[in-house]
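Note that the structure is a prediction, hence the values are computed from the model and not measured. Each chain gets a letter, A, B and so on, in the order the sequences are listed, and its residues count up from 1.
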Amino acid sequence: MHYIMTNNQIEIIDALDFDPVKIFECGQCFRWNADGEGVYTGVFRGHAAKVFHDGDRICIRASEGTAPEELVDYFDLDRNYEEIRRSVAIDSHMRSASDFGKGIRILRQDPWEALCSFIVSQCNNIPRIKKIIESLCLMFGEPICFEGRTLHTFPSADTLAGLSSRELEPIRCGYRAEYIIGAARAVSCGALDLGALARSGYDEALRALKTLNGVGDKVANCVILFGLNMLGAFPIDVWMKKTLAKHYGDGFSPSVFGEYAGVAQQYMFFYARFGEK
DNA sequence: AAACAGGCCTAAA
DNA sequence: TTTAGGCCTGTT
């Protein structure tokens with residue numbers, strides 16, 4: 001992937017394996033929204049940005065003071081997804097899935113945001129998940145001005161740790177409010193050190209995350225994959241359960257996909273959800 | 001109107 | 001170790 005970094009912006013020259021629609025709509029993130037023709041605006045790690053096509057190139061323009069290196073990191077631009085697609089295309093189904101999902105990248109999201117977001121996602125649908133997260137940010141995040149609009153950052157664990165579940169009621173997240181506050185308090189007081197988990201192994205991360213009330217295997221694996229950037233994590237939700245049963249029967253193990261099983265999962269999920277028949 | 005939605009927890013076998 | 005029912009809320 002070749003790109004040019006300037007001030008707070010990146011221009012991707014050969015935008016192979018970079019499809020904004022797939023990246024933002026494949027279900028890994030909740031804070032990027034399409035506004036207008038192929039333009040996405042979002043907030044990540046305290047910065048606002050927009051992503052758009054500029055001729056053959058893709059341009060990522062972030063808010064004032066965002067280092068381009070931050071964009072390289074968040075969009076994982078130095079990783080070779082073509083190679084990953086080859087490595088997970090182990091059979092005809094995965095060849096179709098990885099071909100259909102070509103252009104997806106796993107964003108390196110803030111671990112706390114990923115934890116909180118995937119707690120909200122449980123037993124819920126995407127429009128409602130997005131609505132809940134937006135009101136959470138509107139109420140408790142910091143405002144950022146970006147291109148004439150006021151957006152809001154994701155509130156810190158410290159901020160949410162000081163709230164009662166009653167104060168969270170306006171965001172209408174139901175029983176998940178207590179889970180959110182419990183997680184916020186664990187992170188805030190240091191009982192759960194997400195930074196340390198990012199440097200630990202998968203097993204330790206899974207164990208630690210599951211000590212939180214409201215975090216089971218599925219949510220924990222989403223946090224590990226999307227927030228800790230361990231690309232072997234393999235979240236299994238209802239869609240994955242169905243498609244795994246269909247194509248692999250029982251006795252399936254994610255290890256057949258190797259170290260990038262999590263990327264395979266994302267291709268398979270996206271294909272089952274939007275592509276297959 | 002009743003079921004369902006990108007799980008998790010608890011209680012009970 | 002596996003299974004059933006309940007959980008907030010909004011939508012169909």
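Taking atom CZ of A:Arg128 as the reference point, atom P of B:dA3 lies 19 Å away to the nearest angstrom. Rounded to whole Å, the distance from CD1 on A:Ile119 to P on B:dG6 is 18 Å. Atom P of nucleotide B:dG6 and atom CD1 of A:Ile132 are separated by 13 Å, given to the nearest angstrom. Computed from coordinates, the A:Leu244 CG to B:dG6 P distance equals 17 Å when rounded to whole Å. Between A:Phe118 atom CZ and B:dA5 atom C1' there is a gap of 15 Å when expressed in whole angstrom units.
Residues A:His93 and A:Tyr271 have side chains that never bring a donor and an acceptor to within less than 3.5 angstrom of each other.
The 12-atom threshold is not exceeded at CD of A:Glu64, counting heavy atoms of other residues, nucleotides or ligands nearer than 6.0 Å. Within 6.0 Å of CG on A:Asp56 lie no more than 12 heavy atoms contributed by other residues, nucleotides or ligands. Around CD of A:Glu178, the count of heavy atoms belonging to other residues, nucleotides or ligands within 6.0 Å does not exceed 12.
Rounded to a whole angstrom, the distance from the P atom of C:dT3 to that of B:dG6 is 23 Å. Rounded to a whole angstrom, the distance from the C1' atom of B:dC9 to that of C:dG10 is 23 Å. Nucleotides B:dC4 and C:dG5 have their P atoms positioned 14 Å apart, rounded to a whole Å.
Residue pairs meeting the side chain to side chain donor-acceptor pair (under 3.5 Å) criterion with at least one member in residues 236-245 of chain A: none, sequence neighbours excluded. Applying the salt bridge (charged side-chain N to carboxylate O under 4.0 Å, His left out) test to residues at least two apart or on different chains, the pairs with a partner in residues 136-147 of chain A are A:Lys50-A:Glu147.
Taking every nucleotide of DNA chain C with any atom under 4.0 Å from a non-hydrogen atom of chain A, the first and last of them, 5' to 3', are C:dC7 to C:dT11.
Under the 30°/60° scheme for interplanar angles, the aromatic rings of A:Phe154 and A:Trp112 are found to stand perpendicular.
Side-chain atoms of A:Thr159 do not come within 3.5 Å of backbone N or O of A:Pro155 as any donor-acceptor pair.
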>> Let's test your reading of the pairing rules: Watson-Crick or G-U wobble, both distances under 3.5 Å, then write DNA chain B as a dot-bracket string with ( ), [ ], | and dots.
In response: .||||.|||||||
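A salt bridge does not link A:Arg45 with A:Asp110: every distance from a Lys NZ or Arg NE/NH1/NH2 to an Asp or Glu carboxylate oxygen is 4.0 Å or more.
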> When every nucleotide of nucleotides 7-13 of chain B is labelled 5' to 3' by its protein contacts under 4.0 Å (heavy atoms), B for base, S for sugar-phosphate only, - for none, what sequence of letters results?
Replying inline: BSS----
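Screening A:Trp32, A:Phe30, A:Phe44 against A:Phe24 for a ring pair (Phe, Tyr, Trp, His ring centres under 6.0 Å) leaves a single residue, A:Trp32.
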For residues 251-260 of chain A, run the donor-acceptor check on the side chains, cut-off 3.5 Å, and write out each pair with its distance to 0.1 Å, sequence neighbours left out.
| from | atom 1 | to | atom 2 | distance (Å) |
| --- | --- | --- | --- | --- |
| A:Ser253 | OG | A:Ser255 | N | 3.2 |
| A:Ser253 | OG | A:Ser255 | OG | 2.8 |

